[in-house]
Structure formats: C-alpha cells, structure tokens
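Computation of the quantities below employed the complete heavy-atom set of this structure, encompassing side-chain atoms and omitting hydrogens, waters and symmetry-equivalent molecules. One-based numbering along the sequence shown. Note that the structure is predicted; figures quoted are calculated from it, not measured.
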Amino acid sequence: WKTVRKIQGRLIRELEKKFNKRHIVLVANRTILDKNFKRKGLKVRPRSRTLTAVHEAILEDVVGPTEIVGKRTRISVDGTKLLKVLLDPKDKDKENIESKLN
C-alpha cells in the first residue's frame with residue numbers, strides 16, 4: 001500500500017479519465033482486532049489494528065492524496081455525531097476531493 005500512496009493522485013486521475021469521470025476511491029484492506037484478541041495467538045494488540053486507528057486510516061485513504069489538517073466532531077442534541085474534516089487548503093485537487101466526499 002505504501003507504493004500506491006506515492007502515485008495515488010496520478011493513478012486516481014488516470015482511472016477517472018478511463019471510467020468517464022466517475023469518482024474513484026482507493027482504500028486498503030485493513031484488519032480490526034477486538035479487545036479479545038488473545039485467542040488469536042497474539043500477546044499484544046498493535047495500535048494499527050485498533051478500531052479507531054483503522055477508521056482513521058480509512059479516512060486518510062478516502063481523501064486521497066490530500067492531507068487532513070483538522071477534525072471537528074459535532075454532537076447534536078439527539079446524540080448523532082457529525083465529523084467535519086478540514087483538508088489542506090494549499091492542495092490543488094481539493095475541489096475534486098470535496099465533490100467526492102459529498
């Protein structure tokens with residue numbers, strides 16, 4: 001996956017050209033280990049396999065070559081959570097990525 005991350009921007013642009021301007025999102029296959037991971041034969045659960053770490057990594061994959069510079073969690077009165085993600089303002093592909101996320 002690390003090799004794909006380096007060329008992700010170019011790869012997504014080429015695939016979108018090929019598939020008639022459809023949105024393309026590349027997401028890596030990740031594993032979540034629950035709290036009862038010891039039965040799988042592991043002594044320690046790696047931080048990269050926790051639920052929150054995997055969700056953070058998937059969010060990084062979805063926004064593509066852009067970087068996340070901030071996050072805001074808004075909790076409404078009825079208890080629903082809305083996560084606002086602030087993308088890098090200097091990125092030239094920002095408009096394209098924001099249209100994908102909507």
Side-chain angles (χ1 to χ4, degrees):
W1 179 248
K2 289 181 182 183
T3 55
V4 174
R5 292 287 297 188
K6 292 177 186 171
I7 60 167
Q8 186 177 12
R10 284 180 285 167
L11 183 64
I12 288 175
R13 275 193 296 277
E14 292 298 320
L15 287 172
E16 283 178 347
K17 278 185 210 168
K18 186 172 182 170
F19 292 117
N20 267 349
K21 300 290 181 188
R22 293 190 192 261
H23 295 303
I24 303 290
V25 178
L26 299 176
V27 180
N29 193 10
R30 302 182 193 280
T31 306
I32 299 173
L33 292 176
D34 59 345
K35 294 214 179 233
N36 194 4
F37 63 92
K38 288 193 179 14
R39 64 180 163 185
K40 295 202 172 50
L42 300 171
K43 299 280 185 219
V44 190
R45 178 172 64 163
R47 293 279 186 214
S48 62
R49 306 286 196 287
T50 62
L51 180 76
T52 51
V54 169
H55 285 187
E56 296 289 318
I58 289 173
L59 185 62
E60 286 279 337
D61 293 346
V62 168
V63 298
T66 328
E67 286 191 33
I68 297 174
V69 293
K71 290 183 202 139
R72 304 286 182 268
T73 305
R74 184 172 183 178
I75 303 173
S76 63
V77 180
D78 62 342
T80 57
K81 292 182 181 180
L82 178 72
L83 181 70
K84 290 189 176 187
V85 178
L86 305 173
L87 300 176
D88 190 12
K90 297 180 196 129
D91 194 15
K92 57 183 179 254
D93 258 355
K94 185 178 176 189
E95 297 83 27
N96 187 19
I97 291 170
E98 283 180 347
S99 67
K100 276 187 202 179
L101 296 177
N102 290 336

Looking at side-chain heavy atoms only, is the closest gap between T73 and L82 below 4.5 Å?
-> no

Cluster link I7 to V25, ILVMFWY, side chain under 4.5 Å | no

Could you tell me whether the side chain of L87 reaches within less than 4.5 Å of the side chain of V69, counting heavy atoms only?
-> no

Answer whether the closest heavy-atom distance between the side chains of S48 and T31 falls below 4.5 Å.
-> no

Between atom CG of L26 and atom CD1 of I12, what is the distance when rounded to the nearest 0.5 Å?
-> 4.5 Å

dist E67:CD -> K90:NZ (nearest 0.5 Å) comes out at 9.5 Å

Decide, yes or no, whether a salt bridge links E14 with K17 under the criterion of side-chain N to carboxylate O below 4.0 Å.
-> yes

For the atom pair NZ (K35) and CG (L51), what is the distance rounded to the nearest 0.5 Å?
-> 10.0 Å

Straight-line distance of E60 CD to T66 OG1, nearest 0.5 Å = 9.5 Å

Indicate if V62 and L83 have the same hydrophobic cluster label, given that clusters are the connected sets of ILVMFWY residues with side-chain heavy-atom separations under 4.5 angstrom.
-> yes

Tell me, please, which residues at least two apart from T50 pass side chain to side chain contact (heavy atoms under 4.5 Å, CB included).
-> R45, T52, A53

When rounded to the nearest 0.5 Å, the distance separating CG of L11 from CD of E16 is 10.0 Å

Atom CG of D61 and atom CD of Q8: how far apart are they, to the nearest 0.5 Å?
-> 6.5 Å

Do K71 and L59 come close enough that some side-chain heavy atom pair is under 4.5 Å?
-> yes

Taking the side chain as every heavy atom from C-beta outward, state whether L86 and I68 have any atom pair closer than 4.5 Å.
-> no

Any pair with a residue in residues 74-86 that passes side chain to side chain donor-acceptor pair (under 3.5 Å), sequence neighbours left out, goes on the list, sorted by first then second residue, please.
-> S76-D78, S76-T80, D78-T80

